[in-house]
Amino acid sequence: MRRSRNPKSDQLEEPPAALRAGAILSIDLAALAENYRILAGRAAAGVGCAAVVKADAYGLGVDRAAPALSAAGCRHFFVAQIDEGIRLRGLLPDAEIHVLGGLLPGLEDAFLAHRLRPALNSLGEIETWAGHARRQGEALAADLHVDTGMRRLGLPPDELDRLAGEPDRLAGIEVSLLISHLACAEQRDHPLNARQLADFRRARGRLPSCPASFANSSGVFLGADYHFDLLRPGVALYGSNPTPDRANPMRDVVRLQGRIWQVRNARPGETVGYGATYEATRPMRIATVALGYGDGYPRALSNRGQVFVDGRAAPVIGRISMDSTTIDVTALPERRVRPGALVDVIGPDNPIDAVAAAAGTVAYELLTHLGRRYHRVYVG
Ligand SMILES: Cc1ncc(COP(=O)(O)O)c(C=O)c1O
């Protein structure tokens with residue numbers, strides 16, 4: 001049987017995407033650019049500032065973030081994986097793109113084809129890149145990563161000793177940058193900061209001279225000793241506080257607003273949500289907001305988090321579900337809390353670091369888990 005066409009349905013207009021989505025994620029590109037300028041402005045003349053844009057620019061969308069950073073004056077970009085570098089090359093034909101994850105054998109041609117700089121993390125990687133340079137018959141640029149205390153990536157001390165004693169291992173490699181990564185920079189007084197700095201300086205003195213990069217976001221605020229030639233911030237660009245013991249010098253980049261699906265009353269003794277973990281002790285009004293852990297809103301915020309309505313807090317009650325979160329709106333004006341209205345989940349009243357802390361995590365994780373279902377709006 002053939003279906004009859006409804007001429008009207010052909011003309012039916014979809015409601016706007018912002019209305020269909022359970023939550024709206026606004027990303028302020030002007031604030032991102034301003035944050036880049038704030039960080040770059042911390043450095044002395046002659047010291048550059050890169051941007052770390054791995055993991056899709058910490059979840060905010062590298063396609064929009066990287067060009068905005070480039071327009072703000074950024075020339076050096078760091079990613080973790082080669083595919084991120086390839087994508088970024090498509091966006092920024094002239095940028096210097098550094099790949100922190102290093103060089104796995106078999107990827108040499110891809111690095112060259114896309115003009116990406118591998119951060120060489122071991123003598124093995126150095127050998128691979130030097131061999132490739134010999135075969136190409138030309139010097140090939142790369143970064144050299146030395147481990148000063150992270151014990152994650154970079155030449156460990158014994159490999160650094162061997163390299164310092166046998167500098168010919170670098171023949172054919174044009175070392176564009178010596179890098180290392182701080183483990184505790186956000187804890188200003190942590191003794192590892194000074195130890196890593198001393199080890200980085202020592203490593204620098206033992207290797208052929210080249211520019212150096214050491215400071216992540218918090219490292220930028222540890223002082224000029226930590227700056228070397230190129231700052232390498234990530235998370236502060238996206239609005240997280242690089243100085244947790246002081247006021248946030250960065251501008252908010254992210255605002256997340258959830259849409260109310262339903263509002264209901266609860267009587268004393270009634271419970272809310274999976275596991276019945278919240279019990280009303282008084283007559284209450286409860287609003288159900290259309291975002292949940294399926295959108296990266298951490299389940300750990302169950303009975304702990306809060307959202308804001310016109311600057312007033314509404315606590316999360318009960319467990320966070322995959323698609324929804326229940327909040328106590330008893331104290332809020334009814335006209336403001338109705339189906340379709342928006343509540344602030346992350347924003348000026350509820351900064352990204354505060355939301356992350358309440359969830360027992362960090363802004364890095366919260367940002368990189370921001371949901372795929374959100375309606376994204378880039379402003380500025
Ligand atoms: C090697 C390296 N450098 C710089 C950064 C940027 O760090 P942050 O986001 O803390 O500024 C990272 C991020 O993890 C990193 O792994």
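What's counted below: heavy atoms across the whole structure, side chains too, no hydrogens, waters or symmetry copies. Ligands are counted one by one from 1 in listed order, and the atoms in each one are counted from 1 as well.
Defined by atom type and a distance below 3.5 Å, a donor-acceptor pair is present between the side-chain atoms of His132 and Asp109. In this structure, a donor-acceptor pair under 3.5 Å is absent between the side chains of Ser218 and Glu186.
Residues passing the salt bridge (Lys or Arg N to Asp or Glu O under 4.0 Å) test with Asp229, sequence neighbours excluded: Arg204. Partners of Asp245 by salt bridge (Lys or Arg N to Asp or Glu O under 4.0 Å), not counting sequence neighbours, listed by chain and number: Arg188.
Screening residues 124-136 for salt bridge (charged side-chain N to carboxylate O under 4.0 Å, His left out), with sequence neighbours left out, gives no hits.
Protein neighbours of ligand 1 below 4.0 Å, counting non-hydrogen atoms: Val52, Lys54, Tyr58, Leu100, Arg152, His181, Asn216, Ser217, Arg232, Pro233, Gly234, Val235, Tyr364.
In this structure, Phe228 has its ring center under 6.0 Å from that of Phe200.
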